[in-house]
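Working notes, beginning with the structure itself.
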Amino acid sequence: MDKTFDPSSIEARWGEAWEKNGYYTPETVAQLRGVDRAELAPYSIMIPPPNVTGTLHMGHAFQHSVMDALTRYHRMRGCDTLWLPGTDHAGIATQMVVERQLAAQGIKRTDLGREAFVEKVWEWKEYSGGTITHQIRRMGNSVDWTRERFTMDPALNTAVTEEFVKLHEQGLIYRGKRLVNWDPVLLTAISDLEVESKEENGKLWHFRYPLADGSGQLVVATTRPETMLGDTAVAVHPEDERYRHLIGKTVKLPLCEREIPVIGDDYVDREFGTGVVKITPAHDFNDYAMGQRHQLPLINVFTPTAHINDEAPAAYRGLDRYDARKRVVEDLEKLGLVEKIDDHKLMVPRGDRTGVVVEPFLTDQWFVDMKGLAERALKAVKDGQMRFVPENWVNTYDQWLNNIQDWCISRNLWWGHQVPAWHDEAGNYYVGRDEAEARSKNGLSAEITLTRDSDTFDTWFSSALWPFSTLGWPDANAADLKRWYPSSVLVTGFDIIFFWVARMAMMGLHFMGDVPFREVYITGLVRDSEGNKMSKSKGNVLDPLDLVDGISLEDLVKKRTTGLMQPQMAAKIEAATRRQFPAGIEAVGVDALRFTFLALASTGRDIRFDAARASGYRNFCNKIWNAARFVLMNTEDKDCGQDETLPFTLSAADRWIVSRLQKLETEAAAHFAGYRFDLLAQALYQFIWNEYCDWYLELSKPALQNGDEAAQRGTRRTLVRVLETSLRLLHPLMPFVTEEIWHRIAPLAGKSGPTLMLQPYPVANPQKIDEAAESDIEWLKAFILGVRQIRGEMDIPPGKPLPLLLQNASADDRQRIARMNDSIQFLARVEAPRLLESGDSAPQSATALLGQMSLLVPMAGLIDKEAELARLDKQLAKLESDMAKTEARVGNENFGKAPPHVQQQVRDLLNKQRHDREALQAQQARIREL
RNA sequence: GGACAGUUAGCUCAGUGGUAGAGCAUCGCCUUCACACGGCGGGGGUCACAGGUUCAAGCCCUGUACUGUCCACCA
């Protein structure tokens, strides 16, 4: 084995072998294990299908690390395990990517026509999808490629059609003219969720509307002057003393010369503005609702591109909405109808894809009636059929479902599932699985010309089916569907709880009669090391594979500054990148990156990604690698207990590490069950580095040299078996390095197999827990630490053997010293310790305390008197401050109320502190005397 | 206007009633025969603030401040 672990040399090899040999595929796994799948517990995860808009980012890599850990863990535990991969067509987002590319060549979507354009998008989908699957493979994610799905596969299109037709038959889908959020650039309706409202600086214009009878005027306040062209009423609060006598009168709408009524509605806030609101039902959601209440006419004054249409006075026709605003204000000013203009902060709705201000716009769209669906989804969580981890996300889920609006599912786009509905020339719509069904269901003769609805569905209308459309639905008898629905867990981000989680819950319950997954593990967002969201426009994105393979500074800068939407940001991004990664990014390998994500994955909070952390875990891989080298050097070609007829004995150290291992195994199971990957990662790291490597390997060295044959065999056996088990424990988190090493170690532990992936996950054996051995080793560690502290603080070179005297040793101490003498001498680098009997006088020494016993290192020629006095002072100061706290506790007049065992514990502590203080003070006095 | 998080060592974070922890960074000693991507040792915290409950509070309760996120129709 090489001296240093090189991830790149093994990753490609194993990744390919795992997939080629079918270890990701449940059928093959069962066959290799010789078991009947029907008898296994099912475990399944459906990947949240990444959008085919580009490449996977850190957030994906993070979530995939979690899912793969869960998948590999359950597969090792013997479950019939499926992780199903796939991608999402992501209607709007993907269409925009391709449109932008075409625009760069001066081509418009409409130049190509629908068919040719969609062809282009498919080409892009192949490219992007290929990149994504390559990334998933590189990360060692054990997804079953034989079951890969894309949301626009023919089978999934069948599912979407079924969904639409069924819901329509059930009266849950309707078509209607409603006010929707309209993106005037994309020229499509979007759902409430796709609108992002942000506070922006604007103005509040106050206009005078004269009363028609000439008796005065009303002053209205508005943030959108141009919509006045579509006003159909003016509203006041019905109990507003200032205005209520005017209700029923009319005002003359300036510029339009229309008369509109003054109405009373308690929606109006008397405190805001003037207490008078202009009502434009066709261009504002609140006004629309009020219009419904008062049967007001709707006057739409905009075109789909948000220009003024022919409903408005001629002077404004054809103007863009912002030009129209200017003109309206100017014209009103000329007429002296502008009372005042105030600065005003308001919430501006923008499309989440285009960033353009969205218009409430009156169009015909398809809607899903959500009330009933939402109620069942709420109930499923309340009844515990579906559980959120961490639990507090239930609030988010509930809040949205409790205030749900009907869902506008049609999009005026080309890329997506086309609506299975046809209309005749009169504009009547007919729904069916195909045109023939639409005709037969509605008794339409062949003479009637039908045209298919050109709209497509909101992407989420198909994603909502993902947990079962991928498994064969609508065929209710599909084997996969029966096997793996509901899936075990959904791993996703909180940002799509509404978009996706809630909708899958609703559709799953509606069509399958059960929740789509038992648990929802919500991850945080991956942010950069400063806590900023990673985004291309901020120039702070990291490609997971650049951490895996490393990247030079120049390449990173280039990557971050090309293809920017705002090229003027390039200089700033470059500077920030050079500051943060002056030497580029060093390669850490897949295992280290995965482990980093898991170690940072604490309970659902965002994680700040720190490349230094990943380097730390790269070092951890190297540590494991070298531990394996050490073990191999000492065990290869020797019997390690495979031959069970040969005698072996186990030392305290052997029994200690085995005992610790059992506790680790128990912990690992609990952390997997609780989705505490951070604690899991920490426990594994801690055990392997701080217990196995730092102590057990060191303890094994003298044992391998000086022990008798049976003891040596026992140590070799333990070295190999604990390492082999550790590799299995670690495998779901770090698949590559563990697999590579396992094949070298396994035979020595009497194990064999084509892959570590299919070995059983270790389970604790309580009979191997050995508290006596654990306390022996705790004592030994404290002993060695005492000597090392003296050595370290006195700057004595580690190699120099020290003389050691032991004072006041108890019978137990003596016994342990005799038993573990070799270990003590080797690890503490001391000469054979000499026991002082009472009455023996000690030379001037540096001291460490261990229970009642004192460890004395004679100072002659080694240690400066003042240095040791200073060290004792420091220890005493610490001790005394601790003691003060303990005494305060015992001294509390109500200390007697504490449980007896706690009282005992505190008293013991105080006694120990008193003893230590006495011993240290005595020692100090002795040194001073000399 | 509601709701939910968070505030612990220089940094990133664990720690749901019993003597404040980890990794990274830092300082000192060491090219000790697995590993310098290493070993050993050290330093570093009024646990945001103010009250309260308790024998005992980083942890429970109340309030305040600050940070972040989500939801919401005030023109």
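Order of the sequence lines sets the chain letters (A, B, ...), proteins ahead of strands, with each chain counted from 1. None of the values given here were measured: they were computed from a predicted structure.
- For P798(A), counting side-chain heavy atoms from C-beta on, the closest listed nucleotide (A34(B), C55(B), U32(B)) is U32(B).
- Contact between the side-chain N/O atoms of Q789(A) and the OP1/OP2 oxygens of G42(B) is found at a separation under 4.0 Å.
- Each of K912(A) and R676(A) was assigned the nucleotide of RNA chain B with the nearest heavy atom; the assignment lying further toward the 5' end belongs to R676(A).
- Salt bridge status for R527(A) with D606(A): present, with a side-chain N to carboxylate O gap under 4.0 Å.
- At a threshold of 4.0 Å, the pair D342(A)-K203(A) does not count as salt-bridged, since none of the basic side-chain nitrogens sits closer than that to a carboxylate oxygen.
- For the OP1/OP2 pair of G41(B) and a distance below 4.0 Å, the side-chain nitrogens and oxygens of R791(A) include no atom meeting the criterion.
- Between N894(A) and the phosphate of U54(B), there is no side-chain N or O to OP1/OP2 separation shorter than 4.0 Å.
- For C35(B), the base has a donor-acceptor partner in the side chain of K623(A) [N/O atoms by modelled type, under 3.5 angstrom].
- Judged by distance alone, with hydrogens and angles left aside, R629(A) brings no side-chain donor or acceptor close enough to the base of C35(B) to form a pair under 3.5 Å.
- Phosphate contact (OP1/OP2 of A75(B), side-chain N/O of H344(A), threshold under 4.0 Å): present.
- Annotation: side-chain hydrogen bond (donor to acceptor under 3.5 Å, both in side chains) contacts of N894(A) (sequence neighbours excluded): none.
- Not one side-chain nitrogen or oxygen of K800(A) sits closer than 4.0 Å to the OP1 or OP2 atom of U32(B).
- Each of U12(B), C71(B), U19(B) was ranked by its minimum atom distance to the side chain of Q399(A); first place goes to C71(B).
- Taking the six-membered ring where tryptophan is involved, the planes of W689(A) and F620(A) are essentially parallel, since the angle between them stays under 30° and well short of 60°.
- One can place NZ of K198(A) at 16 Å from C1' of A72(B), the figure rounded to the nearest angstrom.
- Of the side-chain N and O atoms in K701(A), one or more sit less than 4.0 angstrom from OP1 or OP2 of A34(B).
- Regarding contacts with the backbone of C71(B), every side-chain N or O of W393(A) stays at 4.0 angstrom or more from both OP1 and OP2.
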